[in-house]
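Worth knowing before you read on, the calculation uses all heavy atoms, side chains too, and leaves out hydrogens, waters and symmetry mates. This structure is a prediction, so every number in the text was calculated from the model and none was measured.
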Amino acid sequence: MGLGILLFVIGALLGAVAGFFGARAYMKKYFQDNPPINEEMLKAMMMQMGQKPSEKKLNQMMSSMKAQQKRSSKK
């Protein structure tokens, strides 16, 4: 009975570690294949909303998005 419980606990721990690293590898690959928003995507969104995107406005929005990503990754 004690051996069964010990094996269950060890199996659960190994599964959690393997799941963590598997999910981490999957997310890295996902972000390489589908990067977060870039300038071209931002420009297209602004044009769809009826705004005329200037280079200055694009740079401001990209820098604010990068700053927000840095702030959220620190938490």
How far does CD of Glu39 sit from CG of Leu42, to the nearest 0.5 angstrom?
8.0 Å
Looking at every non-hydrogen atom in both residues, tell me the closest pair between Met46 and Leu58 and how far apart they are.
SD-CD2, 3.9 Å
Spacing of Ser63 atom OG and Gln68 atom CD [to the nearest 0.5 Å]
11.5 Å
State the CG-CG distance between Leu7 and Leu14, to the nearest 0.5 angstrom.
10.5 Å
Distance, nearest 0.5 Å, that separates NZ of Lys43 from CG of Asn38
11.5 Å
Shared hydrophobic cluster, Leu6 / Val17 (ILVMFWY, side-chain heavy atoms < 4.5 Å)
no
Assigning hydrophobic clusters by single linkage (Ile, Leu, Val, Met, Phe, Trp, Tyr; side-chain heavy-atom cutoff under 4.5 Å), is Met62 placed with Met49?
yes
Count I, L, V, M, F, W, Y as connected when their side-chain heavy atoms are under 4.5 Å apart, and connections chain through other members. Are Met61 and Met45 then in the same cluster?
yes
Is it possible for you to say whether Phe20 and Leu13 belong to one hydrophobic cluster, with membership spreading through side-chain heavy-atom contacts below 4.5 Å?
no
